[in-house]
Protein chains: 2
Amino acid sequence: MDLDRAAGRLRAGGRRVTAQRRAVLRALTELGCAADAEEIHGRARRMHPRIGLVTVYRTLEAFTAEGLAQSVFLGDGRTRYEATEQGRHHHHLVCLHCGRIATTDECTVQPLEGTILRRGFEVTAHRLELFGYCARCRTRR
Amino acid sequence: MDLDRAAGRLRAGGRRVTAQRRAVLRALTELGCAADAEEIHGRARRMHPRIGLVTVYRTLEAFTAEGLAQSVFLGDGRTRYEATEQGRHHHHLVCLHCGRIATTDECTVQPLEGTILRRGFEVTAHRLELFGYCARCRTRR
DNA sequence: GTTCTTGCAAACAATTTGCAAAACT
DNA sequence: AGTTTTGCAAATTGTTTGCAAGAAC
């Protein structure tokens, strides 16, 4: 997500572009996928040391509302976030042993959305998470 | 989930069968899908008025560990639970307007699990949630 | 100048933990 | 009898809110 596009989206939503928001945006892209608020806060602080955790939460809320970020739930009791990649879309593979998170670009959900639409429900988004054991953990036990 | 099978599973895991656990199990099956701890507590209290919310939490943890229940995350900040139906498997359709939750038995994820396995990751479970607008909310606005 | 945003402290909500009493096997 | 489970109160954790000062437009 480049800064100009993000700034434009924020302004279009009547929101302002601040140093803190730039820091959170950069933190999000640097952290890659499924980072939690604490991690984002830590990373954003490198660029803007005085940023508070509360601001990170509020910024993530604004980003989500403007489509710049999206949330992910992996069942560990915290909300995770990642920058929205325009046109792209990925899912998470969570290793139940080491906790590492991998991703996959493949998605076989679309045909399902079709059959659901035929029942009257219009799908606008979906979330898919896969759980299991990564190559490393699978061989070492 | 019938009581005998559940009781067997609990005992097999070195756990005991108590009136509270029976109440939670029944609450889970009566509530259907994606009920939160508070709802389960309320329903379980009909059968066992003295049961505490804490016991519900601990019971849900035990049930999840023994495969009798499973958790669902719909992004509203609370963990939801449902009884595991042996051999069956369903996904959730969440209406973004009215919040109602529907389900679908169809699942197109399996082929994806195959290609992921070829990369070394062994998938043992997955979660899929679909978001959008239900028939009712779609027509009325 | 006006309105949105930030930071801090405090409030909240969901969930977890410590411990003695009660219940299952 | 021995070990697990329960209920209560209190503690934790992740997240949100109130408000005055600061920054963007």
Side-chain angles (χ1 to χ4, degrees), chain A residues 3-4 6-28 34-42 44-45 47-66 68-81, chain B residues 3-4 6-28 34-42 44-45 47-66 68-81:
Chain A
L3 183 58
D4 290 344
R9 286 249 204 162
L10 285 174
R11 292 210 185 83
R15 299 180 193 270
R16 295 181 179 175
V17 180
T18 66
Q20 288 88 331
R21 289 182 178 175
R22 279 189 289 266
V24 170
L25 184 72
R26 225 181 113 188
L28 276 176
D36 64 39
E38 207 86 51
E39 293 169 332
I40 296 165
H41 182 220
R45 215 154 22 175
M47 308 152 216
H48 194 99
R50 287 188 43 65
I51 191 174
L53 179 58
V54 176
T55 298
V56 171
Y57 273 109
R58 283 192 278 226
T59 299
L60 290 169
E61 184 190 19
F63 282 8
T64 304
E66 301 303 337
L68 299 174
Q70 56 198 314
S71 51
V72 184
F73 305 96
L74 301 181
D76 58 354
R78 66 198 80 187
T79 305
R80 292 166 176 280
Y81 297 88
Chain B
L3 184 60
D4 289 343
R9 284 249 205 164
L10 286 173
R11 292 209 184 84
R15 300 182 191 268
R16 295 182 179 175
V17 179
T18 66
Q20 287 90 329
R21 289 182 177 173
R22 277 189 290 265
V24 170
L25 184 72
R26 225 180 111 188
L28 276 176
D36 64 37
E38 209 85 49
E39 293 168 333
I40 296 164
H41 181 219
R45 219 160 12 179
M47 309 151 214
H48 193 100
R50 288 190 40 66
I51 190 172
L53 179 58
V54 176
T55 297
V56 171
Y57 274 109
R58 283 192 279 227
T59 300
L60 290 169
E61 184 190 20
F63 281 8
T64 303
E66 302 303 337
L68 298 174
Q70 57 200 312
S71 50
V72 184
F73 305 97
L74 301 181
D76 60 353
R78 67 199 78 188
T79 304
R80 292 165 176 282
Y81 296 87

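None of these values were measured; they are calculated from a predicted model. Each chain gets a letter, A, B and so on, in the order the sequences are listed, and its residues count up from 1.
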Any protein N or O atoms within reach of nucleotides 15-19 of chain D? Criterion: under 3.5 Å, listing atom names and distances.
from	atom 1	to	atom 2	distance (Å)
D:dT15	OP1	A:Thr79	N	2.8
D:dT15	OP1	A:Thr79	OG1	3.0
D:dT15	OP2	A:Tyr57	OH	2.4
D:dT15	O5'	A:Tyr57	OH	3.2

Checklist line | Stepwise side chain to side chain contact (heavy atoms under 4.5 Å, CB included) check, A:Leu60 with A:Leu28 | finding: CA-CA 10 Å; A:Leu60 290 169; A:Leu28 276 176; 4.2 Å; yes
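- A:Leu60 has its CG atom 15 Å from the P atom of D:dG14, to the nearest Å.
- A straight line from CG of A:Asp76 to C1' of C:dA14 spans 14 Å, rounded to a whole angstrom.
- Per the geometry, CZ belonging to A:Arg45 stands 11 Å off P belonging to C:dG7, to the nearest Å.
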Check: Given the rule in the side chain to side chain contact (heavy atoms under 4.5 Å, CB included) test, do A:Arg80 and A:Glu39 qualify, once you have shown the distances and angles that lead to the verdict?
Finding: CA-CA 9 Å; A:Arg80 292 166 176 280; A:Glu39 293 169 332; 4.0 Å; yes
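- Considering only residues two or more places apart in sequence or on other chains, B:Gln70 meets the side-chain contact (heavy atoms from CB on, under 4.5 Å) condition with B:Glu82, B:Thr84.
- Rotation axes derived from the C1' atoms of the five outermost pairs at either end of the helix from C:dG1-D:dC25 to C:dT25-D:dA1 lie 40° apart, to the nearest 10°.
- For A:Arg15, the side-chain contact (heavy atoms from CB on, under 4.5 Å) criterion is met by A:Leu10, A:Arg21, A:Ala62, A:Ala65, A:Glu66, not counting sequence neighbours.
- Spacing between atom NE2 of A:His41 and atom P of C:dT6 amounts to 12 Å, rounded to whole angstrom units.
- Under the side-chain contact (heavy atoms from CB on, under 4.5 Å) criterion, B:Ala44 pairs with B:Ala23, B:Val24, B:Ala27, B:Ile51, not counting sequence neighbours.
- Within the structure, no pair that satisfies the salt bridge (Lys or Arg N to Asp or Glu O under 4.0 Å) test touches residues 47-61 of chain B, not counting sequence neighbours.
- Here C:dT25 presents its P atom at 14 Å from CZ of B:Arg15, a figure rounded to the nearest Å.
- Straight-line distance from the CG atom of B:Leu10 to the P atom of C:dT25: 10 Å, rounded to whole Å.
- Residues B:Arg11 and A:Gly52 each lie close to DNA chain C; by heavy-atom proximity, the contact nearer the 5' end of the strand is made by A:Gly52.
- By the side-chain contact (heavy atoms from CB on, under 4.5 Å) test, A:Tyr57 is found to be paired with A:Ala37, A:Leu53, residues two or more places apart in sequence or in another chain being considered.
- With sequence neighbours excluded, the residues forming a salt bridge (charged side-chain N to carboxylate O under 4.0 Å, His left out) with B:Arg78 are B:Asp36, B:Asp76, listed by chain and number.
- The CZ-P distance, from A:Arg50 to C:dT6, rounds to 13 Å in whole Å.
- Counting to the nearest Å, the C1' atom of C:dA22 and the NE2 atom of B:His48 are 11 Å from each other.
- Within residues 16-23 of chain A, the residues having any heavy atom closer than 4.0 Å to DNA chain C are, in order of number, A:Arg16, A:Thr18, A:Gln20, A:Arg21.
- Under the side chain to side chain donor-acceptor pair (under 3.5 Å) criterion, B:Arg26 pairs with B:Glu30, not counting sequence neighbours.
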Check: Yes or no on side chain to side chain contact (heavy atoms under 4.5 Å, CB included) for B:Val72 and B:Tyr81, after CA distance, side-chain angles and deciding distance?
Finding: CA-CA 6 Å; B:Val72 184; B:Tyr81 296 87; over 6 Å; no
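- Between B:His41 and B:Gly52, the closest heavy-atom pair is NE2-C, 3.5 Å.
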